[in-house]
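Small disclaimer: the values here were computed from a predicted structure and weren't measured. Numbered from 1 within each chain, the chains take letters A, B, ... in sequence-line order.
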There are 2 protein chains.
Amino acid sequence: MPSRLIASRELADMFKLLAHADRLRLIEELRAGEKDVTGLAVALGLPTTRISQHLGLLRAHRLVEERRDGRSHFYRLAHPFIADWIIDALPLVDIRLRLKDTDHIDAARALWSVRDPNSAC
Amino acid sequence: MPSRLIASRELADMFKLLAHADRLRLIEELRAGEKDVTGLAVALGLPTTRISQHLGLLRAHRLVEERRDGRSHFYRLAHPFIADWIIDALPLVDIRLRLKDTDHIDAARALWSVRDPNSAC
DNA sequence: TGCAAGACTGCAAAATCTTGCAGGTGACGA
DNA sequence: TCGTCACCTGCAAGATTTTGCAGTCTTGCA
């Protein structure tokens with residue numbers, strides 16, 4: 001099989017993994033550092049079961065790493081660079097929407113770019 | 001609705017659009033310049049109907065633009081930057097696979113990065 | 001040891017995507 | 001005008017994802 005085809009499929013798999021708002025928000029949360037499942041569930045306002053399922057996917061594809069401490073499971077980004085790369089896509093979202101007013105994209109960029117994401121909403 | 005949530009959803013929509021090997025290959029083909037539907041179908045070895053459907057999606061989200069000339073419809077990338085951004089993700093694919101041997105990813109990077117993609121396979 | 005907290009997994013229903021096919025539109029040439 | 005070429009759209013079957021729920025596992029603590 002040609003390299004070109006392999007690369008497309010592998011890339012598509014990774015895009016598929018990121019093609020869910022919950023999982024993008026998880027990556028965003030983890031950008032600030034490791035967090036346990038309950039903490040993430042509270043931050044996103046979702047049931048822990050769902051968070052756990054998403055984390056299971058991200059973990060299976062080695063985008064996050066797990067550390068256990070007592071009863072808690074702490075997760076962190078395996079490669080924080082991915083968060084920066086996602087931020088790079090914001091201009092494309094902007095374009096895609098063809099907004100006259102790009103304020104909320106700018107706001108989002110600021111939120112994703114801020115040192116401590118939890119200081120803003 | 002918070003900006004953060006909007007951005008996640010819009011980003012997820014765009015990732016979803018890119019989460020298909022055929023569509024990634026279309027973007028790759030168009031990186032070299034505009035091409036008509038039949039040309040793309042031949043390049044990818046797929047039926048024109050399917051190509052047309054994929055292009056319809058990409059067009060609806062303004063990732064490609066169309067120009068008609070006689071019976072042919074020529075497509076081009078609305079924002080060629082997207083192809084560069086996709087190339088930036090190859091290291092993540094690499095990591096995701098945790099390959100001992102990254103040769104075929106290197107080969108893919110070379111293919112995506114080459115000036116004229118049609119000179120290589 | 002018994003119980004509860006924190007998290008994971010399996011499963012099935014619901015939602016979403018993909019794909020081929022049948023049929024339709026507009027442009028070109030005889 | 002008629003036929004063909006290049007392409008698009010609608011639709012339904014099939015495949016894949018998402019989601020909630022029930023049940024399980026491990027750890028900490030009394």
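The distance from atom CG of B:L18 to atom P of C:dC17 is 14 Å, rounded to the nearest whole Å. Rounded to whole Å, atom P of C:dT9 lies 11 Å from atom CG of A:L55. Rounded to a whole Å, the CZ atom of B:F15 is 16 Å from the P atom of C:dC17. As rounded to whole Å, 14 Å separates atom P of C:dG6 from atom CG of A:L40. Between A:L58 atom CG and C:dC8 atom C1' there is a gap of 15 Å when expressed in whole angstrom units.
Of the residues in residues 66-74 of chain A, those with a non-hydrogen atom less than 4.0 angstrom from any atom of DNA chain D are A:G70, A:R71.
Shown here are the salt bridge (Lys or Arg N to Asp or Glu O under 4.0 Å) partners of B:D88, two or more places apart in sequence or in another chain: there are none. B:H73 is linked by a ring pair (Phe, Tyr, Trp, His ring centres under 6.0 Å) to nothing, counting only residues two or more places apart in sequence or in another chain. Residues passing the side chain to side chain donor-acceptor pair (under 3.5 Å) test with B:E34, sequence neighbours excluded: B:R67. Every residue was checked against the salt bridge (Lys or Arg N to Asp or Glu O under 4.0 Å) condition with A:D84, not counting sequence neighbours, and none meets it. With sequence neighbours excluded, the residues forming a salt bridge (Lys or Arg N to Asp or Glu O under 4.0 Å) with A:R68 are A:E66, listed by chain and number. Residues that satisfy the salt bridge (Lys or Arg N to Asp or Glu O under 4.0 Å) test with B:R71, not counting sequence neighbours, are absent from this structure.
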Scan nucleotides 15-21 of chain D nucleotide by nucleotide, 5' to 3', and note B when protein non-hydrogen atoms come under 4.0 Å of the base, S if they reach only the sugar-phosphate, - if neither. --SSBBB
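Contact annotation: B:Y75 side-chain N/O to D:dC8 OP1/OP2 distance is under 4.0 Å.
The partner of C:dT25 is D:dA6, judged by Watson-Crick or G-U wobble contacts that both fall below 3.5 Å.
A 4.5 Å side-chain heavy-atom check between B:I51 and B:D22 finds every atom pair outside the cut-off.
The ring pair (Phe, Tyr, Trp, His ring centres under 6.0 Å) pairs that include a residue from residues 31-53 of chain B number zero, where partners must be two or more places apart or lie in different chains.
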